[in-house]
Amino acid sequence: MIQTDNRPIYVRLADQICDRILLEEYRPLERIPSVREYAVTQQVNPATAARAFEILERQGVIFNKRGLGFFVAEGALETIRKIRLETLLGEESELFFSRLAVLEVSPDQLKEMYIVYLTKEQNNQ
């Protein structure tokens, strides 16, 4: 079964910006594209992009300097990691663990799968 992302577009856009910050494409205290620029590159309505920026500004990931644009906040990396970990441990883990239980995956099997995953990721870098 193919999973699709059913979250609103503005939430997905905010996540994309966070991904770029985590990958250090956007660095702390660095200017990011304007709402209009981002809307054009993502082929969305500027109002949709503005909602993504509002979310990130409320979370403390970016900040606005009037007349200059939006910038990555100094503690953005830590903020994003904290928010994503809370989401993973809260909303996402419930479904994940319920599926593991139905499949009767033991903690040892899960640990082994995670080690294999980390090893594979390390080799891809």
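Numbering of residues begins at 1 and proceeds along the displayed sequence. Below, each value reflects all heavy atoms present in this structure, side chains not excepted, and no hydrogens, waters or symmetry copies. Keep in mind that this is a model prediction, so the values were computed, not measured.
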Under 4.5 Å side-chain linkage, directly or through intermediates, the cluster mates of Tyr117: Tyr114, Leu118
Ile9, CD1: over 12 other non-hydrogen atoms inside 6.0 angstrom: no
Arg31: side chain to side chain donor-acceptor pair (under 3.5 Å) partners, not counting sequence neighbours: none
Pairs satisfying side chain to side chain donor-acceptor pair (under 3.5 Å), at least one member in residues 60-79, at least two apart: none
Exercise: identify the closest heavy-atom pair between Leu13 and Ala52: CB-CB, 3.8 Å
Set of residues satisfying salt bridge (charged side-chain N to carboxylate O under 4.0 Å, His left out) with respect to Arg20, sequence neighbours excluded: Glu25
More than 12 heavy atoms of other groups within 6.0 Å of Glu86 CD: yes
Any donor-acceptor N/O pair, Gln59 side chain to Leu56 backbone, under 3.5 Å: no
Residues, nucleotides or ligands: over 12 heavy atoms within 6.0 Å of Glu121 CD: yes
Residue list, side chain to side chain donor-acceptor pair (under 3.5 Å) with Asn45, at least two apart or on another chain: none
For Pro46 against Ala39, the heavy-atom pair lying closest together: CA-CB, 3.7 Å
Spacing of Leu103 atom CG and Leu110 atom CG [to the nearest 0.5 Å]: 11.5 Å
Contacts of Glu54 that satisfy side chain to side chain donor-acceptor pair (under 3.5 Å) - sequence neighbours left out: none
Non-hydrogen side-chain atoms of Val105 and Met113 separated by less than 4.5 Å: yes
Verdict with supporting geometry, Leu29 and Val72, side-chain contact (heavy atoms from CB on, under 4.5 Å): CA-CA 5 Å; Leu29 304 178; Val72 176; over 6 Å; no
Residue list, side chain to side chain contact (heavy atoms under 4.5 Å, CB included) with Val40, at least two apart or on another chain: none
Partners meeting side chain to side chain contact (heavy atoms under 4.5 Å, CB included) with Thr41 (sequence neighbours left out): Tyr38
Non-neighbouring partners of Arg27 that pass side chain to side chain donor-acceptor pair (under 3.5 Å), sequence neighbours left out: Glu24
Residue pair Arg51, Val11: steps toward the side-chain contact (heavy atoms from CB on, under 4.5 Å) verdict: CA-CA 8 Å; Arg51 286 186 77 180; Val11 173; over 6 Å; no
Residues forming a side chain to side chain contact (heavy atoms under 4.5 Å, CB included) with Arg84, sequence neighbours excluded: Asp15, Cys18, Asp19, Leu22, Ile80
Interatomic distance, Arg12 atom CZ to Thr48 atom OG1 [nearest 0.5 angstrom]: 10.5 Å
Connected via hydrophobic side-chain network under 4.5 Å: Ile55 and Leu77: no
Listed once per pair and sorted, the ring-ring contact (aromatic ring centres under 6.0 Å, His included) pairs that draw on residues 63-109, sequence neighbours left out: Phe53-Phe70, Phe63-Phe71
Partner set under side chain to side chain contact (heavy atoms under 4.5 Å, CB included) for Asn123, not counting sequence neighbours: Thr119
